[in-house]
2 protein chains.
Amino acid sequence: MDADKVFKALGDPTRRKLLDLLYEKNGQTLGQLCEHLGMARQSATQHLDLLEEANLVSTVRRGREKLHFINPVPLHEVYERWVRKFERQRLDLLHDLKKELEGE
Amino acid sequence: MDADKVFKALGDPTRRKLLDLLYEKNGQTLGQLCEHLGMARQSATQHLDLLEEANLVSTVRRGREKLHFINPVPLHEVYERWVRKFERQRLDLLHDLKKELEGE
DNA sequence: ATAATATGCAGGTATTTACCTGCATGTCAA
DNA sequence: TTGACATGCAGGTAAATACCTGCATATTAT
């Protein structure tokens, strides 16, 4: 996984909205997705390209259409690498902070 | 939680490194953190400010020093909002994609 | 074949961002 | 008190980014 690409891809609200749209209905075309975004088709394409480079979206051509599918694997890896690690120490870290605020 | 701030904050490799450094040793000063980054102190400050605005880092002043602590709560919320949601349908989505690749 | 449709490609621009330098302020220790 | 140290603050710049317009290509339906 290219962590940087995944995080950068998730760092934009339009791209997160695209993932949300695909979550609601997987396999949509570029045109369908554009209907829900207030921007030109070409701009949406660029966002989808980034999502695809981050491997968060996979595409399949069907004739003149291009269907978009969510790939949840990178999100899982983000979870493993970033969330679970910190989650494990959540209480400990909060304890550190509390101690510090109390003047040790 | 301001999801956009959290995602934007995580979207930069330097800021992720800062969180890693704080994970290794919580409560470090600006100076200590700077030693591990190849950039000016002022640049690191800006990154830390963004992390603080995203509520991923909390700070405590001790004399002339400023101590930095990880706050894992937003990461947990990212997980709840973004990862778990997609995780639940992981197998289903992969099934959709497989079906599509096989020509339905 | 031809018109309509869906997407691809090549730029151009304004904003954001990630750095920097220079100087100011506040704190500690001798 | 004075020098050293830790951080704050105010810009300035180059690169990245998020939009756009215009035109080209490929597919479908009549």
Side-chain angles (χ1 to χ4, degrees), chain A residues 2-22 25-54 56-70 100-101 103-104, chain B residues 2-22 25-54 56-70 100-101 103-104:
Chain A
D2 186 331
D4 198 50
K5 283 186 180 173
V6 174
F7 278 109
K8 283 236 173 82
L10 293 173
D12 181 88
T14 299
R15 291 191 285 272
R16 291 197 302 277
K17 179 161 190 176
L18 282 167
L19 290 180
D20 270 336
L21 290 170
L22 290 177
K25 185 178 185 318
N26 210 17
Q28 294 188 66
T29 67
L30 172 58
Q32 288 176 307
L33 291 168
C34 276
E35 287 170 20
H36 303 278
L37 306 176
M39 64 177 60
R41 172 183 55 80
Q42 289 88 338
S43 308
T45 299
Q46 293 181 332
H47 285 298
L48 286 166
D49 285 346
L50 287 188
L51 288 171
E52 203 169 346
E53 276 183 50
L56 283 161
V57 162
S58 301
T59 60
V60 175
R61 286 216 73 118
R62 185 170 66 189
R64 64 183 162 183
E65 293 175 323
K66 188 174 185 180
L67 309 182
H68 298 78
F69 295 84
I70 297 183
E100 194 62 37
L101 287 169
E104 278 165 303
Chain B
D2 186 332
D4 198 49
K5 283 187 181 172
V6 174
F7 278 109
K8 284 234 172 85
L10 293 173
D12 181 88
T14 299
R15 290 192 285 271
R16 292 197 301 278
K17 178 160 191 177
L18 281 168
L19 291 180
D20 271 336
L21 289 170
L22 290 178
K25 184 176 185 320
N26 210 18
Q28 294 188 67
T29 67
L30 172 59
Q32 288 176 308
L33 292 168
C34 276
E35 289 170 19
H36 303 279
L37 307 174
M39 66 178 60
R41 171 184 55 82
Q42 289 89 336
S43 309
T45 299
Q46 292 180 334
H47 286 298
L48 285 167
D49 286 346
L50 287 187
L51 288 170
E52 203 170 345
E53 275 183 49
L56 284 160
V57 162
S58 302
T59 61
V60 174
R61 287 215 73 116
R62 185 171 64 190
R64 63 183 165 184
E65 294 175 322
K66 189 174 183 180
L67 309 182
H68 298 78
F69 294 85
I70 296 182
E100 194 63 35
L101 287 169
E104 277 164 305

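We use all heavy atoms of the structure for the numbers below, so side chains are in, but hydrogens, waters and symmetry mates are not. Everything numeric in this text was worked out from a predicted model, so none of it was measured. Chain letters run A, B, ... following the sequence lines, proteins first, then strands; residues in each count from 1.
B:Met39 places its CE atom 16 Å from the P atom of C:dT17, with the value rounded to the nearest Å. One atom, CD of A:Gln46, and another, C1' of D:dC20, lie 9 Å apart when rounded to the nearest Å. Distance A:Asp49 CG to D:dC19 C1': 15 Å, rounded to the nearest Å. Atom CD in A:Glu65 sits about 10 Å away from atom C1' in D:dT27, given to the nearest Å. When rounded to the nearest whole Å, the span between CG of B:Asp12 and P of D:dA15 equals 17 Å. One can place CZ of A:Arg41 at 11 Å from C1' of D:dG22, the figure rounded to the nearest angstrom. Look at CG on B:Leu37: it is 14 Å from P on C:dA18, rounded to the nearest Å. In this structure, A:Gln28 atom CD and C:dT7 atom P are separated by 11 Å, rounded to whole Å.
For D:dC20, one of the phosphate oxygens OP1 or OP2 lies less than 4.0 angstrom from a side-chain nitrogen or oxygen of A:Ser43. Within the structure, a side-chain polar atom (N or O) of A:Lys66 is placed less than 4.0 Å from OP1 or OP2 of C:dG8. OP1 or OP2 of D:dC19 has at least one side-chain nitrogen or oxygen of A:Thr14 nearer than 4.0 Å. OP1 or OP2 of C:dC19 lies within a sub-4.0 Å distance of a side-chain N or O belonging to B:His47.
Annotation: of the two residues near DNA chain D, A:Arg15 and A:Arg64, the 5′-most nearest-nucleotide partner is A:Arg15. Comparing A:Gln42 and B:Gly63 against DNA chain C, the residue whose closest nucleotide sits nearer the 5' end is A:Gln42. Along DNA chain D, the nucleotide nearest to A:Lys8 and the one nearest to A:Ala44 differ in position, and the one closer to the 5' end is contacted by A:Lys8.
Inter-residue side-chain proximity for A:Leu67 and A:Thr29 is flagged as met; some heavy-atom pair is nearer than 4.5 Å. Counting heavy atoms from C-beta on, the side chains of B:Thr59 and B:Lys66 come closer than 4.5 Å. Looking at heavy atoms from C-beta onward, B:Ile70 lies out of side-chain contact with B:Leu56 at the 4.5 angstrom threshold.
When each of A:Val6, A:Asp4, A:Leu10, A:Asp12 is checked for a side chain to side chain contact (heavy atoms under 4.5 Å, CB included) with A:Lys8, only A:Asp4 meets the rule.
Comparing D:dT7, C:dA4, D:dC19 against the side chain of B:Leu30 picks out D:dT7 as the nearest.
Using a 4.0 Å heavy-atom criterion, one finds that A:Arg61 contacts the sugar-phosphate atoms exclusively.
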key: Trace of the side chain to side chain contact (heavy atoms under 4.5 Å, CB included) decision for B:Leu33 with B:Leu22   = CA-CA 8 Å; B:Leu33 292 168; B:Leu22 290 178; 3.9 Å; yes
